[in-house]
There are 2 protein chains.
Amino acid sequence: MNRFENMENFIRVVEVGSISGAADRLGVAKSAVSRRLKELEEHLGVELFHRTTRRMNLTDTGRAFYHQCVRILEDTLEAELASAQVHGTLKGGLKIALPSTFGLMHMGPAINEFLQAHPQIEFDLDFNDREVDLMQEGFDLAIRIARLPDSSLIARRLAPIQSIMCASPSYLKKMGTPKTPDELLTHQCLVYSLLHDYEYWHLTDAEGKEFKTKIRPYLKATTGEFIRDAAVADQGIILVPSFIVYKEIERGELIPVLKEYKPLQIDAYAIYPQTRHLSQRVRTFVDFLVKRFEGTPYWDLQIQKLT
Amino acid sequence: MNRFENMENFIRVVEVGSISGAADRLGVAKSAVSRRLKELEEHLGVELFHRTTRRMNLTDTGRAFYHQCVRILEDTLEAELASAQVHGTLKGGLKIALPSTFGLMHMGPAINEFLQAHPQIEFDLDFNDREVDLMQEGFDLAIRIARLPDSSLIARRLAPIQSIMCASPSYLKKMGTPKTPDELLTHQCLVYSLLHDYEYWHLTDAEGKEFKTKIRPYLKATTGEFIRDAAVADQGIILVPSFIVYKEIERGELIPVLKEYKPLQIDAYAIYPQTRHLSQRVRTFVDFLVKRFEGTPYWDLQIQKLT
DNA sequence: AAATACTGTTCATAATATCGCAACAATTGG
DNA sequence: CCAATTGTTGCGATATTATGAACAGTATTT
C-alpha cells in the first residue's frame, strides 16, 4: 500500500469534490481513485466520506484527516526540495576561510575539482591563519587544522593530519642523526610556530604516552613552506605536518628522524555555524570534501611506509 | 515510487547503521533495501551516504534529510492514529446536551442505535432546553435547534427543521379554517414559546418574502408536546416543528392550515467546542448522526405531500 | 600474511500489485 | 420519465517490486 499516493489521492478528491474530477486531474482512471480511497478507508477503519452514490460529503473524521494530510504532504515536498540537488549545478556564493599552507596545497585542487561540477558557484576564499569569527564576518565555512573541533560549531572531520620530524640528508650527515628526543637540544631546530609550542615539541613514546621535549629554536616562522625549504637547504630539523613535506620525503630530499616518537595526531576540519537551514551549497561542498579526503590522505600514502 | 516506504527504509538504515541490519529489521532482502536507498538518492539527485563498500557514513545532506523524514513519519503515524478507529468499538464517556422534545423523540432512537455498535460508550445525556456553556460545563457535544449555528463553535448540520401550522379537524370545523394570516387574530393560538415570538409568528409568503403576523396567544408552553396534545384536544391552532406532530398529521388528527405561508426554515445542529484534538468518540458519533439524518428526515417523508 | 567472514551491489527471475477498460448500479436534473 | 453522470466492481494486461545467488571489496582473525 502506498500511503503517500493514497494521501495525495484523498486530498485531490476532497479538493475537487468528486472521484471522477479527481481522476481527470490526476490523469488516472476513476476506478483507481475509487479503489485507493477505499483502501485508505479500510486501512483507517473509518469512513472518510458520506457517500450517496452521486454526492460525497466529508465526515468530521475525514476533514480532520484531510488537514493533516495536506500538512504532511507539504512538509514532505519541502523536505525533498531542501535536500534535492536542483538538477545539475548549484548557484550562489561560498565564502570560506582556510589556512594558507593547507589551503593552497590541498584545498586548491579540491576546489578546482568541485568547480568542474558546479561552475556557477562563486568562491570567496580568505587564506588566513588567524581564527576568524564565522558568524561575525559572514563566512559560510572555515577549514581548520586543530586537535579538537570547536564544540560550539558544527565540525566535520576531513582528514587526519600527522606531523613528521625530518631533516635533509646533508644536514644529518654533518650534524649526526639524533637517537633520542633529548639529543634534539644539540640540534638546530626550525619551528613552525603556528602548530607547536615555541620551545617544546610534543611527542608520544612507543607506549603512546605523551611528553614534551625541549628544543632550541634556531629559526621560527609562521609558514610551513618556509621552514620546509630551509630544512631542504640543510638548515636543521623540522617538525611539520606531513602534507607540507610529503613530496620532499618521497624524493629523498628530507628524511624522517626519531620515527618511534610520534607527534600528536591532529585533524583537519570543515566547520560551519549551526543554522536552522543550512544552505544546500555548504552541505554539498562539505559532503564533497569529506568524500574527497576520506580514508588515508593521498599525501600520506607513500610516506606511510617510511615512518 | 513509494516515497513513504523509501523514507522508512532510509530511516531504518540510518538508525541501524547498515543495510544488512536494516534488511533484517524490516524483514526484507538486503538487495531491496539497497535498491530503495539508491532510488531515493537518484530521486533527490544527492548522495545520502558516503559509502566504502563496508562502511556507510551519513552525509550532511543525508543527516538533514533524515531528521525531516523522522518528523514526517511521526506526523503521519500520529495522523493515522488520530483518525483510525482502533478496531471495533470505542470506549469512554460522551456528555451531551440536547433539547428535551427533539432529544426524546428523535435522538433517543439514534443513540440506541449507536450503542448497538459501540456498547462501551457511556452516554451522559442532559435533556434541557436552556443554552448551556459547553466549555464551562464539560459537555462534549450539544444538539441545538436554531436558525443559524453559533459561529464560535463547530457546527454540523444534522437535519432541516420545518415548522407546520395546524389544528384538529373538530376545531377547524367549529371555528373555521383561516384563509389569510390576518385571520389568525380571531383564532385561539397555542404558542410554543421556545422557538417563536410570543405575539408574532414569522412566515414567508408565496414569493418567499419574510413577514410576521400578530397572533393572540391563548396558551403558552415551553414544551412542544403539551401544546400538540392541546391542539389534538381541539384547543386551537399551533405552529410547531414537524418532528413533533408528524404522526398526528399522518393519522389525520391534525390538519395543516395556511400551507402557502411557509414558516421560517431552521435546522438541527450538532455543535462542539473547537479543540485542537477532537476526540475520536465525538467525531465518530457526529459522523454517525450526520449520516443517520441525511437527506429528507423520516418525519417529513409522509407529510411532505400534505403541505 | 592469508584466510575468513561480513558488507553492499548487481542481475535475472518470479511474485505481486496496480492500472485501465468496460459493465453495472444508483441517483439527479431537466 | 429519460438521459446523463457518478461511484463501484471484475477481469485481463502491464508495470513494479522482491528475491536469492553471484560478485566485489574490506575488516578481522588466526
Side-chain angles (χ1 to χ4, degrees), chain A residues 1-43 46-59 62 160 290-291 293-298 300-301 304-305, chain B residues 1-43 46-59 62 160 290-291 293-298 301 304:
Chain A
M1 182 208 53
N2 194 328
R3 277 177 159 94
F4 215 89
E5 279 188 13
N6 278 357
M7 284 187 180
E8 209 167 358
N9 189 70
F10 170 59
I11 287 178
R12 266 288 133 63
V13 174
V14 172
E15 287 175 350
V16 176
S18 77
I19 289 188
S20 303
D24 287 345
R25 280 280 282 278
L26 291 167
V28 294
K30 60 180 180 176
S31 59
V33 177
S34 173
R35 217 162 355 78
R36 294 212 278 221
L37 197 60
K38 190 181 170 189
E39 191 182 44
L40 190 59
E41 286 183 320
E42 278 172 0
H43 172 63
V46 159
E47 270 194 325
L48 262 14
F49 286 99
H50 289 139
R51 294 157 148 88
T52 59
T53 324
R54 182 144 180 131
R55 188 135 213 87
M56 309 184 60
N57 287 326
L58 264 181
T59 63
V290 169
K291 187 172 183 183
F293 290 111
E294 173 171 79
T296 302
Y298 53 85
D300 276 344
L301 284 178
Q304 213 167 32
K305 305 160 192 168
Chain B
M1 183 207 53
N2 194 330
R3 279 177 159 92
F4 210 90
E5 278 188 12
N6 278 357
M7 283 187 181
E8 210 167 357
N9 189 70
F10 171 58
I11 287 178
R12 266 289 132 66
V13 174
V14 172
E15 289 175 349
V16 177
S18 77
I19 289 189
S20 303
D24 286 345
R25 281 280 281 278
L26 291 167
V28 293
K30 60 181 179 177
S31 57
V33 177
S34 173
R35 200 183 33 66
R36 294 212 279 218
L37 198 61
K38 189 182 171 189
E39 189 181 46
L40 190 59
E41 286 183 320
E42 277 172 1
H43 173 63
V46 159
E47 270 195 325
L48 262 15
F49 286 99
H50 290 138
R51 294 158 149 87
T52 59
T53 326
R54 184 146 177 125
R55 187 137 214 85
M56 308 183 62
N57 287 326
L58 264 180
T59 62
V290 169
K291 188 171 183 185
F293 289 111
E294 173 172 79
T296 303
Y298 54 85
L301 284 177
Q304 212 165 34

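Below, chain A is the first sequence line, B the second, and so on; all start at residue 1. Everything numeric here is computed off the predicted structure, so don't read it as measured data.
- Interatomic distance, CG of A:Asn6 versus NE2 of A:His43, reported as 8.5 Å (0.5 Å rounding).
- Taking atom CD1 on A:Ile19 and atom C1' on C:dA26, their separation rounds to 14 Å, with Å as the unit.
- If you take CZ on B:Arg3 and CD on A:Glu8, they are separated by 6.5 Å, rounding to the nearest 0.5 Å.
- The stretch residues 1-16 of chain B has no heavy atom under 4.0 angstrom from DNA chain C at all.
- One finds a side-chain N or O of B:Arg51 lying less than 4.0 angstrom from the OP1 or OP2 phosphate oxygen of C:dT9.
- Side chains of B:Glu47 and A:Lys291 form a contact here, defined as non-hydrogen atoms less than 4.5 Å apart.
- Here the straight-line distance linking atom CG of B:Leu26 with atom CD1 of B:Ile11 works out to 10.5 Å at 0.5 Å rounding.
- In this structure, CZ in A:Arg51 is found 11.5 Å from CG in A:Asn57, a value given to the nearest 0.5 Å.
- Looking at residues 24-42 of chain B, you'll see B:Val28, B:Ala29, B:Ser31, B:Ala32, B:Arg35, B:Arg36 sit with a heavy atom under 4.0 Å from some atom of DNA chain D.
- Straight-line distance from the CG atom of B:Asn57 to the C1' atom of C:dG8: 14 Å, rounded to whole Å.
- B:Asn9 places a side-chain N or O within 3.5 Å of a backbone atom of B:Val33 that can act as its donor or acceptor partner.
- Looking at B:Thr59 and B:Phe49, their side chains never come closer than 4.5 Å, going by heavy atoms from C-beta outward.
- Per the geometry, CD belonging to A:Glu47 stands 14 Å off C1' belonging to D:dG7, to the nearest Å.
- Sorted by first then second residue, the salt bridge (charged side-chain N to carboxylate O under 4.0 Å, His left out) pairs that include residues 26-39 of chain B, not counting sequence neighbours, are B:Glu5-B:Arg36.
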